[in-house]
> 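Before I ask anything, let me first share the structure, which is written out below as structure tokens.
Letters go in sequence order (proteins before strands), and every chain restarts at 1.
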Amino acid sequence: MNSKVRVRFAPSPTGPLHIGGLRTALYNYLFAKKHEGTFILRVEDTDNSRYVEGAEDYIKEALDWCGLTPDESPFHDGEFGPYRQSERKAIYKDYAQQLIDNGHAYYAFDTPEDLDKLRQEQEAFGDKFIYGAHNRNELNNSLKVSEKETLEYIESGKPYVIRFKMPMAKQLAIRDNIRGNIQIKTNDLDDKILFKSDGMPTYHLANIVDDHLMEITHVIRGEEWLPSLALHVLLYDAFGWKAPKFAHLPLILKPFGKGKLSKRDGDKHGFPVFPLEWKDPATGAISSGYREEFYLPEATINMLALLGWNDGTEQELYSLEELVDKFSIERVHKAGAKFNPEKTKWFQHQYIQKVDDSVLAEEFKDWLRAEKQIETTLDFTLKIVSLLKERLTFMPDLWNESYFFFQAPTQFNPKSSKKAWKEDTAPIMTNFISFLEAETDFSKEQIQPKIKGWITDQGLGFGKVMMPLRLALVGDMKGPDVFEMVSLLGKTEAINRLKFALNTLN
RNA sequence: GGUCCGUUCGUCUAGUGGUUAGGACGUCAGGUUUUCAUCCUGAUAACAGGGGUUCGAUUCCCCUACGGACUACCA
């Protein structure tokens, strides 16, 4: 091959990028890097009315968070810019004109109202109105009126659009790198608008022109574009250009029920649908993001990569570098995949276990200050992290598993009390306190054998002491190794908690 | 409605013209943890249905059913 691989991710800035879009970006990135090619971000903002403030920055930030930074983008110029279609406006008109000149397109003067009326009439018969080969000669366009009239219309400022002249009765066989051959008859296709009356191209024209000009070699996009594939291939033909290779990705579906994943599913079932938190500028409504919900970008990416692709082995955990190495577009699954929030948490659990203890300890220390107004030392949070890390999925779980190190219990879980604090517990604990008061070294290494020895000497079962001790320290029958807790809490605090339990539970 | 795409455990998926149809998540049961969580072990559970082709189909073909996308001067 003479041409270097160039792929693009081409979102429209109409709102936050959701995880389906992010996965499309990911697969494009992986494909590009796998083939030592270029990953391009092109912003498709040809519809001004749908532009949403902040959406473009959101896309950039989301990609950066995931480590999918484009090689060329509106934020990082390359040789093929600009990378925002609104800034390429001047380019498209000439290409539309070129298609008119070579007979592949024509002017149409039908107003939106005219078309609405035709649609309604047609629907009254239970039919669908199609602007196409069978009726284009009867509609208000440059194929029907003379060339002179067409010119007059245009010069007089009459609004017009430019439509593609869909060839009749052509049988197309188009190759898709994921789906194989796709058969399409052009008879069913309509004369799509390529150029709008507001002077902007539609997606179809802008997309093909830009992909050509930017020398895109592979178009990897969502399945929702499959119905437009024929049009796009025909457009390349009409221009006399070589079409890129295509691959259409399966959709991400709702975890419960039917249909594709939507923002509402996240709200309803309490999982993020967006990589980053998003505040709707119009309504102020907030949608949660993976980043703000404490998912690691590595976990998010790994989960997304496996949703519709695998390398044929039983491996499930991949770094981004490994994904680049193993990825192949042919191994992308054809069918849509239901999103699985539980499995996503499992990925997160796997990844947080790989994070260095000191990193978590530092974060936790900051979190304690910000969220709980607790000042502590790095040394202490580091001890807590090493004690509790294996049970974490999200960073704040650290608090849920360790809050009793920062605050003494004020009440006791009734169910646990019933199990751990029996009739004969009080005298045992009274003796136990006296024993502890005589001890000085509360390091785990020293205190553990001492306590065990004391229990044995007293002729007691371990449960008689260990269970009430845990209850007194935590307020509940949970938490890490009880000797670790005694040691970390220290002599004074441990004894105070025992005394409080003694007073409260009798 | 039309066009196109799809269909393996509940979910994500592996796989082959002859397999005990494999893994992971989930669920359940044991074990570890004298607690809880983690962790470990085990169990559970699938080739949508009907026709072909074939000595033999989950695998190849057709039909049906079901699911999905699209059907805008939106992308």
> Heavy atoms from C-beta onward define the side chain here; which of C70(B), G22(B), C36(B) lies closest to that of K478(A)?
C36(B)
> Think R119(A) has a side-chain N or O under 4.0 angstrom from the OP1 or OP2 of C73(B)?
yes
> As a test of reading the structure: which of C73(B), U35(B), A75(B) is closest to the side chain of R470(A), going by heavy atoms?
U35(B)
> Among the candidates C73(B), C12(B), G6(B), find the nucleotide nearest to the side-chain atoms of K334(A).
G6(B)
> Given C4(B), C5(B), C73(B), identify the nucleotide with an atom nearest to the side chain of K185(A).
C4(B)
> So does N207(A) get a backbone contact from the side chain of D210(A), meaning a donor-acceptor N/O pair under 3.5 Å?
no
> Is there a side-chain polar atom (N or O) of H349(A) under 4.0 Å from OP1 or OP2 of C39(B)?
yes
> Quick one: which of Y351(A), W346(A), Y290(A) gives a ring-ring contact (aromatic ring centres under 6.0 Å, His included) with Y295(A)?
Y290(A)
> H333(A) has a side chain; which of C5(B), C25(B), U13(B) sits nearest to it?
U13(B)
> Of the candidate nucleotides A37(B), G23(B), G26(B), which contains the atom at the shortest distance from the side chain of E316(A)?
G23(B)
> What's the closest nucleotide to the side chain of S12(A) if the choices are C73(B), A75(B), C12(B)?
A75(B)
> Would you say a side-chain N or O of S49(A) is under 4.0 Å from OP1 or OP2 of C74(B)?
no
> Could you tell me whether K444(A) sits above the aromatic face of F483(A), with NZ or CZ closer than 6.0 angstrom to the six-membered ring centre and within 45 degrees of the axis?
no
> For the pair made of CE in M467(A) and C1' in U33(B), what is the distance, rounded to whole Å?
14 Å
> Looking across every strand, which nucleic acid part, if any, lies under 4.0 Å from N400(A) by heavy atom: base, sugar-phosphate, or nothing?
nothing
> If you compare every side-chain N and O of K260(A) against the phosphate oxygens of C70(B) (OP1, OP2), does one of them come in below 4.0 Å?
yes
> Just to be sure I understand the rule, does G308(A) reach a base, reach only the sugar-phosphate, or reach nothing, if contact means heavy atoms closer than 4.0 Å?
sugar-phosphate
> When the distance from CG of D311(A) to P of A14(B) is rounded to whole Å, what number comes out?
10 Å
> Is there a side-chain contact between D476(A) and S416(A) (heavy atoms, below 4.5 Å)?
yes
> Does U71(B) have OP1 or OP2 sitting under 4.0 Å from an N or O in the side chain of K128(A)?
no
> Taking atom types as modelled and ignoring hydrogens, do the side chains of D311(A) and Y318(A) form a donor-acceptor contact shorter than 3.5 angstrom?
yes
> Select base, sugar-phosphate, or nothing to describe what G312(A) touches, counting heavy atoms under 4.0 Å on all strands.
sugar-phosphate
> Can a side chain N or O of N310(A) be found less than 4.0 Å away from OP1 or OP2 on U13(B)?
no
> Checking contacts here: which listed nucleotide (G6(B), G23(B), C70(B)) is nearest the side-chain heavy atoms of E314(A)?
G23(B)
> Quick one: is K343(A) getting a side-chain N or O under 4.0 Å of the U13(B) phosphate, OP1 or OP2?
no
> Classify D397(A) by what it touches in the nucleic acid, base, sugar-phosphate, or nothing, heavy-atom distance under 4.0 Å.
nothing
> What contact category does G222(A) fall into here, base, sugar-phosphate, or nothing, at under 4.0 angstrom with non-hydrogen atoms?
nothing
> Dump the intermediate steps for side chain to side chain contact (heavy atoms under 4.5 Å, CB included) on E316(A) and M303(A), then the final yes or no.
CA-CA 9 Å; E316(A) 294 202 275; M303(A) 173 276 291; over 6 Å; no
> Is it possible for you to check whether R163(A) lies under 6.0 Å from the centre of the six-membered ring of Y131(A), through NZ or CZ, and within 45° of that ring's axis?
yes
> Between atom CZ in F339(A) and atom C1' in C25(B), what is the gap in whole Å?
12 Å
> Tell me what T46(A) touches on the nucleic acid: a base, only sugar-phosphate, or nothing, going by heavy atoms under 4.0 Å.
sugar-phosphate
> Measuring from the side chain of I182(A) (C-beta onward, heavy atoms only), which nucleotide among G1(B), C4(B), U38(B) has the closest atom?
C4(B)
> Quick one: which of A75(B), U13(B), C36(B) gets closest to the side chain of R391(A)?
C36(B)
> What about R50(A), does its side chain sit under 3.5 Å from the base of C74(B) through a donor-acceptor pair?
yes
> Hey, does H248(A) reach any base, or is it just sugar-phosphate, or nothing, if we go heavy atoms under 4.0 Å?
nothing
> Roughly how far apart, to the nearest Å, are G52(B) and U16(B) at atom P?
27 Å
> At under 4.0 Å between heavy atoms, what does E44(A) touch on the DNA or RNA strands: base, sugar-phosphate, or nothing?
sugar-phosphate
> Using a cut-off of less than 4.0 Å, is there contact between a side-chain N or O of K196(A) and OP1 or OP2 of C74(B)?
yes
